[in-house]
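As the structure is a computational prediction, the values presented were derived from the model and not from experiment. We count residues from 1, following the sequence as given.
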Amino acid sequence: MNVRTLFLIVSAVLMIAVACGQQATSVSPTVIPTAPPTAETAAVAAPTQIPALATTAVRAPTGTPRPRPTPTAAPAAMVPPEDQAVEGATLVRVGREPPTLDPHLTVDTDSAMYIVEVYGGLVTIEAQNPRDLSNPQLETVGDLAEAWDISEDGRTYTFHLREEAKFHDGKPVTAQDFKWSMERVGDPSTESPVADVFLGDVVGFKDKLQGKASDVRGVQVIDDHTLSVTSDAPKAFFLSKLTYPMSFVLDRDNVESDPFWFREPNGTGPFNLAEYIPGEVLRLERNEFYHLGAPKLERVRFLLSGGDSLLMYQNDEIHVTGVSLLNLEVMLDPSHPLNQELHQVPPSFDVSYIGMNPGQPPFDDPKVRQAFNYAIDKNTLATALYEGLVVPAKGILPPGFPGYNLDIVGYEYDPEKAKQLLRESKYGDNAEEFPRIIFTLPGSFGAPVGPSMEAIMQMWRVTLGVEIEILQTEWAIFLQDLNQRRFQIFGGLGWIADYPDPENFLDVLFHSESSNNHMGYSNQEVDRLLEKARLEMDQTARFAIYHTVERMIMDDAPWVPLWHGESGFVLWKPYVKDYFLFPLIIPKLRYVYTTEK
């Protein structure tokens, strides 16, 4: 395919996209349905690349008490002057309907962005330098635990809970609450979709999950304020995993009081869930006694009913909104009235991709999978469709992410190589005899397919001569089928890191026994190396293993890595202060304040 043909394809697709409107964007710590970049829906992060970040889970000296994590309140630089911060202020923005408000069931950021504000766990990820978009210095610090010790063998973490830590109703948080909560995650009746991914390292957790044990023996209550958690082996990323909502503490009385307890949860986070009317509004109110410092805002109201968020912003109905590509160009003009309220979104740790099932024809032949990679001109798509707001992916890990390999090459656009590989495959390039291909995407029946997917399918048709059928399914059904590995080839997805460690991409997504390996990909040598990396405590050696693994996965090509987001833009009112944007979904609303009501 020549460049002129490609641009004609992209132009045609863009015309369709403009006529039909942009797809909504939704993101997930595990799975993200992808669309043209816009920060509009979450005003949190457009998919992006990120400069180097400090690694999390830095170990204290073996067997020594961990010092009290700092900051325990908003860092001094974020404390507003008394004459500026307005008491009783409300922040209003558009929000997305959360698929769940149960932290033990969440697999998406539509849910997580609320959950991290209402609940908490033993540890959390916090920005030590939130105003530096290039390096916010994210670190794993104490949340409900004020300190912890690490055993001589590096396997057992003994957490010391804050005596002042309380649930929203004032009831003290105890070690028994944490043990019960972790065992709830492992209870098969909870049906937590990623329980094994985030707590499977805890001794005895898998036995509980499989119904072979009544408790999790690796979680022990020492006294009301002391809890020990034992990993099956010393692992550098173990502490980071405990920051995920799967490890958040719940109030047993609250959970067992009503099947819909999550509508009125008794959490521990900086905000209470004061009101939730599905499809209308979700309202958070300040927790005055939050153990890390009370929020500056009185409340935050998320409007779930939708609407034109830019128009709502211009009419002063909301304080924050993202900006779509269609509106961005005019706002970048310094003379535009909203230009001074425009803020660039920092990069987030993500990758958009297409998955192929190596167990289903024709993708059971690696040459077919490689051909599908070589047939896509990601550079032109990034320029023509996304106007430079995405970076073509050479591998799996996002640029700047810990363990990122600067030397990885990936699949450059090479239509002749793609054709050659297809001819060499066991299926050949005879279109009439080629297996039927059904490309599954999330979306309502009859809804327009995103312009990037339309362009990619046309590239496959033109370069490889294959016909692609589209099947769209509702998001909930799509996720069910995805988790059961039913798809031949699927797209419209991405992955955002839960914590900054390569394990969260390479092991969680590609180990053959991982529940998040949605392709059914299996390589015994990859599994062996991933398992070796789990036990390697030297960071340099561990990252070297991950470099090898990533190259092997790229050679096997169960994915078409598409791109990492480069940037995005958000509007917020000039009187809204410290609305920090981070590359991960972590608590942030307690820092926000306003100078006007």
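For the pair L381/M459, a side-chain contact is recorded, criterion being any heavy-atom separation below 4.5 Å from C-beta on. Put simply, the side chain of T190 does not reach to within 4.5 Å of the side chain of V185, judged on heavy atoms. At least one side-chain heavy atom of S240 sits less than 4.5 Å from a side-chain heavy atom of T140. Considering only heavy atoms from C-beta on, V116 comes within 4.5 Å of I585 through its side chain. Between P442 and Q472, every side-chain heavy-atom pair lies at or beyond the 4.5 Å cut-off. Inter-residue side-chain proximity for D110 and P98 is flagged as unmet; no heavy-atom pair is nearer than 4.5 Å. Between V249 and W180 there is no side-chain heavy-atom pair separated by less than 4.5 Å. Considering only heavy atoms from C-beta on, T226 stays 4.5 Å or farther from F159 through its side chain.
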Evaluate the ring pair (Phe, Tyr, Trp, His ring centres under 6.0 Å) criterion for residues Y413 and Y374: first the C-alpha distance (whole Å), next the side-chain angles of each, then the deciding distance (0.1 Å), finally the verdict.
CA-CA 5 Å; Y413 175 55; Y374 278 119; 9.6 Å; no
Apply side-chain hydrogen bond (donor to acceptor under 3.5 Å, both in side chains) to the pair D149 and T158, showing each step before the final yes or no.
CA-CA 5 Å; D149 310 321; T158 302; 5.2 Å; no
Full working for side-chain hydrogen bond (donor to acceptor under 3.5 Å, both in side chains) between Y386 and S452
CA-CA 9 Å; Y386 293 124; S452 62; 3.2 Å; yes
Verdict with reasoning, D507 to R534, per salt bridge (charged side-chain N to carboxylate O under 4.0 Å, His left out)
CA-CA 9 Å; D507 200 326; R534 294 173 188 174; 2.7 Å; yes
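In terms of heavy atoms, L441 sits closest to G491 at CD2-C, 3.4 Å. Nearest heavy-atom pair, N373 versus V560, reported as atom, atom and distance to 0.1 Å: OD1-CA, 3.4 Å. Across every non-hydrogen atom of V219 and L227, the tightest pair is CG1-CD1, 3.7 Å. Of all heavy-atom pairs spanning R486 and Q360, the tightest one is O-NE2, 3.6 Å. When all heavy atoms are compared, the tightest approach of K367 to E424 is NZ-OE1, 3.3 Å. Here the closest heavy-atom approach between residue I125 and residue L138 is recorded as CG2-CB, 3.9 Å.
Distance check: H160 NE2 to W148 CH2 gives 10.5 Å after rounding to the nearest 0.5 Å. Note that CG of L239 and OH of Y499 are 11.5 Å apart. Values are rounded to the nearest 0.5 Å. Atoms CD and OG1, from E525 and T548 in turn, are 9.5 Å apart once rounded to the nearest 0.5 Å. Between the CG atom in L242 and the OG1 atom in T124 there is a gap of 11.5 Å [rounded to 0.5 Å]. How far CG of L161 is from CG of L144: 7.0 Å, rounded to the nearest 0.5 Å. Taking CD1 of I222 as the reference point, atom OG of S228 lies at 4.5 Å (rounded to 0.5 Å).
Side chains of H511 and N517: no donor on one and acceptor on the other come within 3.5 Å. Remark: the N516 side chain and the S514 side chain contain no N/O donor-acceptor pair separated by less than 3.5 Å. Between T156 and T230, the side chains place a donor N or O and an acceptor N or O closer than 3.5 Å (distance only, hydrogens not considered). A donor-acceptor contact under 3.5 angstrom links the side chains of D527 and S512, judged on distance only. A donor-acceptor pair shorter than 3.5 Å can be found between the side chains of S111 and D108. At a cut-off of 3.5 Å, with distance as the only test, no side-chain donor of D407 or H547 sits close to an acceptor on the other residue.
Taking the six-membered ring for Trp and the full ring otherwise, F505 and F401 have centroids separated by under 6.0 Å. Annotation: F478 is in aromatic contact with F487 [ring centroid separation under 6.0 Å]. Taking the six-membered ring for Trp and the full ring otherwise, the centers of Y353 and W559 sit less than 6.0 Å from each other. Centroid-to-centroid, the aromatic rings of F543 and Y404 stay 6.0 Å apart or farther.
The neighbour count for E513 CD, taken as heavy atoms of other residues, nucleotides or ligands under 6.0 Å away, does not exceed 12. Within 6.0 Å of CD on Q524 lie no more than 12 heavy atoms contributed by other residues, nucleotides or ligands.
Remark: D501 does not engage K235 in a salt bridge, criterion side-chain N to carboxylate O under 4.0 Å. Classification of E183 and K179 as a salt-bridged pair holds, one side-chain N sitting under 4.0 Å from a carboxylate O. Salt bridge status for E531 with R528: absent, with no side-chain N to carboxylate O gap under 4.0 Å. With respect to D364 and K426, a salt bridge is recorded, a charged nitrogen being found less than 4.0 Å from a carboxylate O. Using a 4.0 Å cut-off between a side-chain N of Lys or Arg and a carboxylate O of Asp or Glu, D207 and K212 do not qualify as a salt bridge. Using a cutoff of 4.0 Å between basic side-chain nitrogens and carboxylate oxygens, R184 and D102 are scored as salt-bridged. Using a cutoff of 4.0 Å between basic side-chain nitrogens and carboxylate oxygens, K241 and D201 are scored as salt-bridged.
No donor-acceptor pair under 3.5 Å is formed between the side chain of D556 and the backbone N or O of P558. Judged purely by atom type and a 3.5 angstrom limit, E503 has no side-chain atom pairing as donor or acceptor with the backbone of L530.
A tilted orientation is assigned to the rings of F372 and W460, their planes being inclined by 30° to 60°.
For the side chain to side chain contact (heavy atoms under 4.5 Å, CB included) criterion with H518, the lone passing option out of L482, N357, L479, D481 is L482.
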